[in-house]
Amino acid sequence: MSSSPYYLKGSPLNVRFNSLMGWLARHGLSLAGMAEMSVRGRKSGKMQRIPVNPHTYDGTQYLVSARGHSQWVRNMRVAGGGELRVGRKVREFTAVELPDEEKLAILRTYLEKWGWEVNQYFQGVTAKSSDEEILAAAPDHPVFRITVRK
């Protein structure tokens, strides 16, 4: 077993696609609810931007890291929040990371909505997987509950 947390780095094509999706969100075009997130870099102090799929479950919004313990996750743990942008609409938010045992319903509904895009990062786990399989994958996929500042 590896001691490093799970993280699947994007291929050059993924990086270009994410850049395009971020550009679209920055210019007001949100595909299926996608937004561009900005979070302060823990080392650079500069705002880092990445397209994300904010997920609403039971009236609360969440950010799920399909690729695992990515740079934005590490930055979010330090920053405790960031901004979501679609066009000119910018919403500041605070973020709290969920413990693994609270992720089941969020991951299942996230995979139901976004599985077409993210199943490849979940190592065979899908929305139709058993509760046990999803919970076993939970440590590899950080989830943050976000609260938009009024």
Side-chain angles (χ1 to χ4, degrees), residues 1-12 14-26 30 32-86 89-115 117-127 129 131-150:
M1 183 171 161
S2 172
S3 61
S4 315
Y6 172 76
Y7 172 55
L8 184 60
K9 188 173 179 167
S11 69
N14 291 137
V15 171
R16 290 187 68 161
F17 181 75
N18 278 347
S19 293
L20 173 62
M21 294 297 103
W23 185 89
L24 290 172
R26 242 186 343 275
S30 173
M34 180 197 66
E36 183 181 65
M37 179 185 65
S38 296
V39 61
R40 189 159 309 282
R42 65 194 182 285
K43 294 177 184 175
S44 70
K46 295 180 183 173
M47 293 301 271
Q48 306 295 315
R49 299 185 311 209
I50 185 169
V52 292
N53 300 321
H55 178 63
T56 301
Y57 173 74
D58 204 19
T60 302
Q61 276 203 305
Y62 299 89
L63 295 174
V64 176
S65 180
R67 293 179 182 270
H69 297 264
S70 62
Q71 293 301 319
W72 78 256
V73 167
R74 295 169 187 173
N75 290 337
M76 187 67 69
R77 287 174 176 150
V78 173
E83 297 175 343
L84 291 174
R85 172 187 295 272
V86 176
K89 185 176 181 181
V90 178
R91 299 177 298 146
E92 289 187 24
F93 66 89
T94 57
V96 175
E97 189 168 3
L98 298 185
D100 294 337
E101 61 272 10
E102 292 181 22
K103 296 179 186 177
L104 177 62
I106 294 141
L107 288 175
R108 184 177 304 283
T109 56
Y110 178 81
L111 288 167
E112 285 170 357
K113 181 171 183 179
W114 297 101
E117 182 182 357
V118 302
N119 273 350
Q120 61 190 335
Y121 309 124
F122 277 79
Q123 303 173 317
V125 174
T126 69
S129 295
D131 289 356
E132 293 76 20
E133 290 168 322
I134 292 175
L135 284 171
D140 290 339
H141 302 283
V143 175
F144 292 88
R145 179 178 46 250
I146 63 171
T147 304
V148 175
R149 294 184 185 140
K150 302 285 182 203

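- Using a 4.5 Å heavy-atom cutoff, the side chains of Trp114 and Val64 are not in contact.
- In this structure, Asp140 contributes its side chain and Gly68 its backbone to no donor-acceptor pair below 3.5 Å.
- Residue Tyr7 holds its OH atom at 7.5 Å from CZ of Arg74, rounded to the nearest 0.5 Å.
- Side-chain contact check for Met34 versus Glu117: every heavy-atom pair is 4.5 Å or farther apart.
- Side-chain N or O atoms of His141 include none that pairs as donor or acceptor with a backbone N or O of Tyr6 at under 3.5 Å.
- Among all heavy-atom pairs drawn from Pro139 and His69, the shortest one is O-NE2, 2.8 Å.
- At least one side-chain heavy atom of Leu111 sits less than 4.5 Å from a side-chain heavy atom of Asn119.
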**OP:** Give the C-alpha distance, both sets of side-chain angles, the deciding distance and a yes or no for side-chain contact (heavy atoms from CB on, under 4.5 Å) between Arg91 and Val86.
**Re:** CA-CA 9 Å; Arg91 299 177 298 146; Val86 176; over 6 Å; no

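- Residues Phe93 and Glu83 share a closest heavy-atom pair of CE2-N, 3.3 Å.
- The line from OH of Tyr121 to CZ of Arg67 is 3.5 Å long, rounded to the nearest 0.5 Å.
- Residue Ile50 holds its CD1 atom at 7.5 Å from CH2 of Trp72, rounded to the nearest 0.5 Å.
- What you find for Arg149 and Thr94 is that their closest heavy atoms are NH2-CG2, 3.3 Å.
- Between Glu112 atom CD and Tyr57 atom OH the span is 9.5 Å, to the nearest 0.5 Å.
- There is no side-chain donor-acceptor pair under 3.5 Å between Asn75 and Gln48.
- Expressed to the nearest 0.5 Å, how far CD1 of Ile134 lies from CG of Asp100 amounts to 13.0 Å.
- Ile146 and Ala95 make their closest contact through CG2-CB, 4.1 Å (heavy atoms, listed as atom of the first residue, atom of the second, distance).
- Between Glu97 and Pro142, the shortest heavy-atom distance links the atoms OE2-CB, 3.6 Å.
- Counting only distance, with no hydrogens or angles, the side chain of Arg40 and the backbone of Gly45 share a donor-acceptor pair below 3.5 Å.
- Separation of atoms CE (Met76) and CD (Gln71) is listed at 13.0 Å; rounding is to 0.5 Å.
- Counting all heavy atoms, side chain and backbone alike, Ala66 lies closest to Tyr110 at CB-OH, 4.2 Å.
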